[in-house]
Student: 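Before I ask anything, here is the structure I am working with.
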Amino acid sequence: MVLEFLDTQLMEGITIWSMMFTICLVFVGVIVARIARTIFNKKFAPNMEVHHVKTLNKAIYYGIIIIFLLAATASQGIDLGSMVVGAGFLGIVIGFAAQSVVSNMISGVFLLIEKPVKQGDTVEIVDANVTGQLIDINIFSSKIQQFDGTVIRIPNEKMFTSNIRSFNLSEVRRSEVTVGIGYGEDIDEAIKIIKNAIEQNVTYSLMEPEPDFFISELADNSVNILVRVWYPRDNLLKVVPILLKIIKNALNDAGIEIPFPQRVVWNGKDIQ
Amino acid sequence: MDENNYSKFGQYNISEKLDLQLPKTEIHMTRKEDQRLAYYRKNSINQEIRKSIPQSNQNVQLELCPILPLHLPSKITHDLIFLRLTESIFVEKKSTINFIIQFPIEIGIFIINSKDGSKQLFDCFTCEPMHSRFALYGTSENGKLCMYSKVDLLGNNDVNSYIFAKMKVTMINELDQGVFVKKLVFPITDYTIYYDEKSSEVHIDDIEGVIKLDVHKEIIKISKVDYVSKNKDLKQVSYSSTKDNKPFVMDKGFD
C-alpha cells in the first residue's frame with residue numbers, strides 16, 4: 001500500500017518517491033554546504049580579505065547545494081531540461097515576470113567578477129544618491145549602510161549600471177571649507193595664521209601635501225578664503241567637524257575680523 | 001626642568017607608588033585600597049589618561065623605553081616614515097657622504113610579565129605632539145600614507161633623547177650629476193632602537209641610500225644597516241622577530 005503510494009506518478013517520470021528522495025538529498029546538501037562553509041570560515045577565512053571571504057562563502061554554499069540538486073535529479077532520472085520545456089507557456093510567462101530578477105542576479109555576478117567596489121568600501125551610488133559603506137553584495141541586491149546608520153538595499157542591476165564614486169581607491173581624501181575675513185585685513189597674515197592653527201591642532205590633517213589656500217570670492221561683506229585640507233581617507237570625522245572651529249578660534253585670537261552681513265538703514269527724515 | 005632630572009629609561013618596580021617625570025608629560029602610578037594599580041598620565045595640552053591594573057597583589061615591574069613612532073595618533077600607515085629634512089643635503093656626483101639626523105621616537109610603557117618575563121605595551125605617548133602627524137609620499141592616486149616628522153641634521157650637539165633618537169645616514173650617489181636630498185621615506189618596522197639606561201641616549205639602526213637611475217628616473221634605494229656601538233650595555237627595543245632586509249625604493253621623488 002505504502003509502496004504503491006510512493007510509486008504514484010506526479011508527472012511523467014516523476015514519482016512521489018523520487019520527489020521525496022530529491023528533497024532529502026537537497027536537505028543533506030544544505031547540511032554539507034553549511035559544514036563546508038563553517039570549515040572554510042575557521043581554516044582559511046582568517047587569512048583572507050573580508051570581501052573575498054564573503055564571496056567564497058556564497059560560492060561554496062550555493063555551489064554545493066546545486067551539485068546535490070543535480071545529483072539527486074540525475075539519480076532519479078528526472079530531466080530538468082524536459083521539465084523546463086514542458087512548462088511551455090507557463091515558462092514564458094514566468095520568464096517575463098522574472099526578467100528583473102534574472103537581470104539583478106546576473107548584475108550581481110558581474111559585480112563580484114569586475115569588482116568595481118569591494119565590501120567594506122565607502123561608496124557613493126551617484127544615480128541613487130546614496131553614500132555609505134558597502135556592507136554586502138547578495139545575489140539580487142547590495143546593501144549600503146549610510147552614515148546615519150540606516151541601511152539601503154539597492155538592486156544589483158541599478159548598482160551595476162550606475163556611476164559609482166569610490167572613496168577607497170586613494171589613501172587620502174580632501175575636504176574644503178570657506179572662511180571670510182574683513183576687507184581691511186592682511187590676507188597673507190590670515191592665511192599664515194590659519195595654516196599654523198591647522199598644523200598645530202588638526203592632528204589628522206596631512207603635513208604633505210599641506211593645506212591649500214585660495215581667494216575664492218570678493219564677496220559683499222568679506223574676502224572669502226577657500227581652505228583645502230588633505231587627510232587619511234577614513235578620518236573625515238576627525239578633521240571636517242573641527243576645522244571651522246579651529247580656524248575661527250585662531251582668527252579670533254589673532255584679532256582678525258570675520259565679518260557678517262550688516263545692513264545700515266537710513267531714515268529719510270534724518271538725512272534731511 | 002633640566003633633562004638630567006627627567007626619569008631615566010629602564011625598568012621600575014612598583015609596590016605602592018611610582019612617579020615619572022618626562023618632558024611635557026607626568027605619570028603617576030598608585031596602589032589603591034582594593035589593590036589595583038591606578039595609572040595616570042597628563043601631557044602638555046592637559047589631556048589626562050587614566051588606566052588601571054586590577055587585582056594586582058604583587059609588585060609590578062614595568063619598563064619605560066623609546067619605541068618606534070608608529071602608534072600615534074593611530075596606527076593607520078604602512079609602517080612608513082617620512083622624514084622631511086629642514087635643509088637640503090647636496091650629494092656630489094659619484095660620491096659618498098655620511099651625516100647624522102634626528103629620528104622621532106615615541107615612549108612606551110611595558111608591563112613585564114612576572115612568570116615568563118614577556119613585555120606587553122601598556123601605554124605609549126610622545127613628548128612632542130608635532131611628531132604624531134601624517135604625510136603622503138607620492139600623488140593622491142598612488143601615494144602611500146606615512147608617519148611624518150621634520151628633522152634636523154645633527155652636528156656635535158646632543159638631541160633631546162625623550163623626543164629624538166640619533167640615526168646615521170649614508171648616501172651614495174652613483175649618478176653623473178649632483179643631487180639634492182630633502183626627504184627620506186622608508187619602512188621602519190624592522191628597525192631596532194637602542195638605549196642606554198644611564199645616559200638615556202637613544203640610537204636607531206642606520207640607513208644607507210643609493211641614488212641611481214631606474215628607467216630614466218632618479219631613485220634612492222634605502223637599506224637598513226645594523227647599529228654598531230662599543231657600549232655593550234645598550235638595551236634593545238625590537239618589534240618583528242623576523243627581520244626583512246629587503247631595500248625600499250624611493251621612486252616618487254626625494255626633493
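All of these numbers come straight from a predicted model, not from anything done at the bench. Residue numbers start from 1 in every chain, and the chains themselves are labelled A, B, ... in the order their sequence lines are given, proteins ahead of strands.
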Student: Can Arg41(B) and Glu26(B) be counted as an ion pair, charged N to O under 4.0 angstrom?
Tutor: no

Student: So, using salt bridge (charged side-chain N to carboxylate O under 4.0 Å, His left out) as the criterion, who are the partners of Glu218(B) when residues are at least two apart?
Tutor: none

Student: Between Tyr137(B) and chain A, which part of the residue has a heavy atom less than 4.5 Å away: side chain, backbone, both or neither?
Tutor: neither

Student: Side chain, backbone, both or neither: which part of Ile76(B) has a heavy atom under 4.5 Å from chain A?
Tutor: side chain

Student: Please output the side-chain donor-acceptor pairs of residues 123-136 of chain A that fall under 3.5 Å, not counting sequence neighbours, one pair per line with the distance.
Tutor:
residue	atom	partner	partner atom	Å
Glu124(A)	OE1	Arg165(A)	NH1	3.0
Gln133(A)	NE2	Gly120(A)	O	3.1
Asp136(A)	OD1	Lys58(A)	NZ	3.0

Student: Pick one of side chain, backbone, both or neither for Thr77(B), based on which atoms fall under 4.5 Å of a heavy atom in chain A.
Tutor: neither

Student: Any salt bridge linking Glu87(B) with Lys182(B)? Criterion: basic side-chain nitrogen under 4.0 Å from a carboxylate oxygen.
Tutor: no

Student: Sort by residue number and list every residue of residues 32-43 of chain A having at least one heavy atom under 4.5 Å from chain B.
Tutor: none

Student: Non-hydrogen atoms of chain A under 4.5 Å away: do they reach the side chain of Phe134(B), the backbone, both or neither?
Tutor: both

Student: If you apply the rule ring-ring contact (aromatic ring centres under 6.0 Å, His included), what do you find for Phe186(B) with Phe248(B), and how did you get there?
Tutor: CA-CA 6 Å; Phe186(B) 50 94; Phe248(B) 177 79; 8.0 Å; no

Student: Within residues 217-245 of chain A, which positions have a heavy-atom distance to chain B below 4.5 Å?
Tutor: Trp230(A), Pro232(A), Asn235(A)

Student: Can you say whether Lys144(B) sits under 4.5 Å from chain A via the side chain, the backbone, both, or neither, judging by heavy atoms?
Tutor: both

